[in-house]
Amino acid sequence: QVQLVESGGGLVQPGGSLRLSCAASGIVFSIYTLGWYGQAPGKQRELVATRGSGGTINYADSVKGRFTISRDNAKNTVYLQMNSLKPEDTAVYYCNARYTFLGADYWGQGTQVTVSS
């Protein structure tokens, strides 16, 4: 059974930082593309950052220079370091694990990030 469990969300003031974690089980973690997606109230879920098994990284333009995605294959965990947070970063953040060759696409339950003074 595949599980992706996010943690690290919360309430933070503008300009603050948070680190999200996503622990995976039930998959061969190292071959998957891992990603973080955000869904703001009333909006569609959007890509925030992805990191491929070979190290390729993609960021949404809105988070470039502020967010960093990393992965630890030994711990089956992907991270999202979020710095210089803005109110518009407020969203539920979902972890994703994808292996297109097998049609595998898994999601975590989401963790709320609220940026407000």
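For the single chain, residues carry numbers from 1 onward in sequence order.
- One finds the CG atom of L11 at 6.0 Å from the OG1 atom of T114 (value rounded to the nearest 0.5 Å).
- Contact between N83 and S17 at its shortest, heavy atoms only, is OD1-OG, 2.9 Å.
- Heavy-atom minimum distance, G52 versus T33: CA-OG1, 3.7 Å.
- Residues passing the side chain to side chain contact (heavy atoms under 4.5 Å, CB included) test with Q39, sequence neighbours excluded: R45, Y94.
- Linking Ile, Leu, Val, Met, Phe, Trp and Tyr residues whenever their side-chain heavy atoms come within less than 4.5 Å places V78 and V2 in a single cluster.
- Closest approach of L80 and A49 over heavy atoms only: CD1-CB, 4.3 Å.
- When all heavy atoms are compared, the tightest approach of A24 to L4 is CB-CD2, 3.4 Å.
- Counting only distance, with no hydrogens or angles, the side chain of T111 and the backbone of G9 share a donor-acceptor pair below 3.5 Å.
- Minimum heavy-atom separation, T90 to Q112: CG2-NE2, 4.0 Å.
- Counting only residues at least two apart or in different chains, salt bridge (charged side-chain N to carboxylate O under 4.0 Å, His left out) contacts with residues 82-101 comprise R66-D89, R98-D105.
- I27 CD1 to Q1 CD: the interatomic distance, rounded to the nearest 0.5 Å, is 13.0 Å.
- Taking CD from Q13 and OG from S116, the interatomic distance works out to 8.5 Å, rounded to the nearest 0.5 Å.
- Using a distance-only test at 3.5 Å, with no hydrogens or angles considered, a donor-acceptor pair links the side chain of N96 to the main chain of Y106.
- By the side chain to side chain contact (heavy atoms under 4.5 Å, CB included) test, V113 pairs with L18, L20, M82, Y93, V115, sequence neighbours left out.
- E46 places no side-chain N or O within donor-acceptor distance of the main-chain N or O of G38, the cut-off being under 3.5 Å.
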Criterion side-chain contact (heavy atoms from CB on, under 4.5 Å) on S70 and D72, from CA distance to verdict: CA-CA 7 Å; S70 61; D72 186 336; over 6 Å; no
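- Scanning both residues, P14 and S117, for their nearest heavy atoms gives CD-N, 3.7 Å.
- Residues L34 and I57 are members of one and the same hydrophobic cluster, defined by side-chain heavy-atom contacts under 4.5 angstrom among Ile, Leu, Val, Met, Phe, Trp and Tyr.
- Sorted by first and then second residue, the pairs that involve residues 17-42 and meet ring pair (Phe, Tyr, Trp, His ring centres under 6.0 Å), not counting sequence neighbours, are Y32-Y99, Y37-W107.
- Looking at V28 and S30, their side chains come closer than 4.5 Å, going by heavy atoms from C-beta outward.
- Between the OG atom of S53 and the CZ atom of R71 there is a distance of 6.5 Å, given to the nearest 0.5 Å.
- Applying the salt bridge (charged side-chain N to carboxylate O under 4.0 Å, His left out) test to every pair with at least one member in residues 32-43, sequence neighbours left out, gives no pairs at all.
- Side-chain N or O atoms of Q3 include none that pairs as donor or acceptor with a backbone N or O of G26 at under 3.5 Å.
- In this structure, the side chain to side chain contact (heavy atoms under 4.5 Å, CB included) partners of T77, at least two apart in sequence or on a different chain, are S21, A23, K75, Y79.
- The same ILVMFWY cluster, assembled from side-chain heavy atoms under 4.5 Å apart, contains both Y59 and L85.
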